[in-house]
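Report on one structure; see the data block that follows.
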Amino acid sequence: MKYAIVALALLAFAPAARADAKAEARKVADAFVAAVNVKDPQKSVPAVLALLTEDIQHIGIFGRVHGKKELTPILNKAFVDPNRHVTLTQQDAVQLDPNTIQSTSHFDNVVSGPDGKPMSLPLRCTRTLVKQKDGRWLIAAEHTSFGPPPPPPPPAMKDQAKR
Amino acid sequence: MKTSFAMMAFALLTAGAAQAGDSRTEVTAQLRAWEAAANSHDVARVMALYADDAQYIYGFQGQEGAGRASLEAFWKQSFQMTPDIAVTLKSVEVVPVNANVAVGMALWEDTFTGPDGKKVTAQVQTSEVFVKEKGAWKIRVDHASFVPPPQPPPPAAK
């Protein structure tokens, strides 16, 4: 009987925990987008770093990065790009345990192309968020890679495009 | 009394360090098991290393999905399309998150015959999020992408 009550309580808690995980991960993803989109790199780089643990472990389009110390000069260089703009296109998350959320984000990342004109790159990002003692969720590990190219337009649109 | 607090603190610290050490060893062993399973081209052996609700993101052709059926179909197709694929785990770093979650960050070398008949060697970087299920580490999220070309040195270093 005691076990049944505990099991019921856990079942009742589970959907709420899932909803919280999604909401918390969404907050981090939104904060990341807002930080990247601040035009002044002197403000945007610290704003991004504030979302990461000190020893953030990163794999991404810049390769393997260990900790904020290695990441800071990379961000300083990347954020000089005047065309830089990020849009969150998809976001999901699961709670791995009470202190860990696994987040998946899709971004449309605009950067300057080789000709200096804005160029859009779809990015996919998996992040392990860890709850801190003060209640904040910080990114402890992340992997970013180029996403698939957008699907080809449906036949009707292709025909219109030809005309 | 002070001594017993110090002893308790020491015991907790060493227990934490031992736990992190264990997860590093165990997750590295799981990645070695993945390497052996992938090289055997035995889909069931590969799938045994994943959690039922595993999610994958592969940067090669933009593949992405979740769940055992989707992942199994991916590996079946991969082994059919590249029947001579061989993977080598070049290095691994394990990030112990807590007793039940750890992230393995690894570098691999994949070799296979390309569509043009030429041998291809690709450097692949992966992050595998492991969760402990019934005492065994299982891959919950598998993200793989090609290693980017080396970045030019920053201006100050030139």
Side-chain angles (χ1 to χ4, degrees), chain A residues 18 53-67 70-78 80 90 92-107 121-132 137-151, chain B residues 20 27 51-67 90-108 123-133 137-157:
Chain A
R18 277 199 294 271
T53 59
E54 275 308 307
D55 59 348
I56 167 80
Q57 298 298 308
H58 170 94
I59 289 178
I61 52 175
F62 302 112
R64 180 76 172 91
V65 183
H66 303 79
E70 280 184 22
L71 189 61
T72 305
I74 293 169
L75 293 181
N76 281 333
K77 196 177 158 195
V80 171
Q90 260 186 62
D92 200 6
V94 287
Q95 184 119 31
L96 298 181
D97 66 31
N99 295 314
T100 319
I101 294 172
Q102 186 62 34
S103 167
T104 307
S105 309
H106 288 228
F107 297 105
L121 295 170
L123 287 178
R124 300 176 297 179
C125 184
T126 47
R127 287 173 167 152
T128 306
L129 310 179
V130 175
K131 196 172 194 174
Q132 307 300 298
W137 289 90
L138 296 183
I139 303 163
E142 69 177 352
H143 188 157
T144 302
S145 64
F146 291 116
Chain B
V27 165
D52 282 343
D53 47 2
Q55 177 196 352
Y56 64 92
I57 289 184
Y58 298 138
F60 316 120
Q61 288 177 327
Q63 301 95 335
E64 188 171 346
K90 306 294 281 183
S91 66
V92 58
E93 291 170 81
V94 178
V95 184
V97 176
N98 59 38
N100 298 309
V101 182
V103 185
M105 302 193 119
L107 183 66
W108 303 79
Q123 305 293 318
V124 175
Q125 50 190 4
T126 64
S127 61
E128 272 94 14
V129 179
F130 283 85
V131 291
K132 211 167 202 177
E133 288 182 355
W137 289 101
K138 299 280 182 181
I139 302 169
R140 179 66 179 73
V141 180
D142 187 5
H143 191 160
S145 58
F146 289 120
V147 173
Q151 298 290 308

- Message: side-chain contact (heavy atoms from CB on, under 4.5 Å) for B:V131 and A:T100? Distances and angles first, verdict last.
- Response: CA-CA 11 Å; B:V131 291; A:T100 319; over 6 Å; no

- Task: Examine whether an atom of A:Q102 lies under 4.5 Å from a heavy atom of chain B, and if so say whether it belongs to the side chain, the backbone or both; otherwise answer neither.
- Result: side chain

- Task: Heavy-atom pairs under 4.5 Å with chain B are the metric here; pick the option from A:N99, A:N76, A:T104 that has the most.
- Result: A:T104

- If you look at every heavy atom in B:P148 and A:G63, which pair is closest and at what distance? CG-N, 3.4 Å

- A:R64 side chain to B:V147 backbone, donor-acceptor under 3.5 Å: no

- What part of B:Y58 is in contact with chain A, defined as an atom under 4.5 angstrom from a non-hydrogen atom: side chain, backbone, both or neither? backbone

- Can you say whether B:Q63 sits under 4.5 Å from chain A via the side chain, the backbone, both, or neither, judging by heavy atoms? backbone

- Task: Grab the two heavy atoms, one from A:E142 and one from B:M105, that are nearest each other, plus how far apart they are.
- Result: O-CE, 3.7 Å

- Query: B:G59, B:S127, B:A144: which one forms the most heavy-atom pairs within less than 4.5 Å of chain A?
  - Reply: B:S127

- Would B:V129 and A:T126 satisfy side-chain contact (heavy atoms from CB on, under 4.5 Å), going step by step from the backbone distance to the final call? CA-CA 9 Å; B:V129 179; A:T126 47; over 6 Å; no

- Give the intermediate values and the outcome of side-chain contact (heavy atoms from CB on, under 4.5 Å) for residues A:Q57 and B:V103. CA-CA 9 Å; A:Q57 298 298 308; B:V103 185; over 6 Å; no

- Message: Within this structure, what is the CD-CD distance for the pair B:E64 and A:Q90, rounded to the nearest 0.5 Å?
- Response: 7.0 Å

- Item | Residue pair A:I59 / B:T126: nearest heavy atoms and the distance that separates them | CD1-O, 3.1 Å

- Task: Tell me yes or no: between the side chains of B:N98 and A:D97, is some donor less than 3.5 Å from an acceptor?
- Result: yes

- CG (A:L96) and NZ (B:K132) are apart, to the nearest 0.5 Å, by 15.0 Å

- Query: Under a 4.5 Å heavy-atom cut-off, does chain B meet the side chain of A:H58, its backbone, both or neither?
  - Reply: backbone

- Query: Residues two or more places apart in sequence or in another chain: which of them pass ring pair (Phe, Tyr, Trp, His ring centres under 6.0 Å) with A:H143?
  - Reply: B:H143

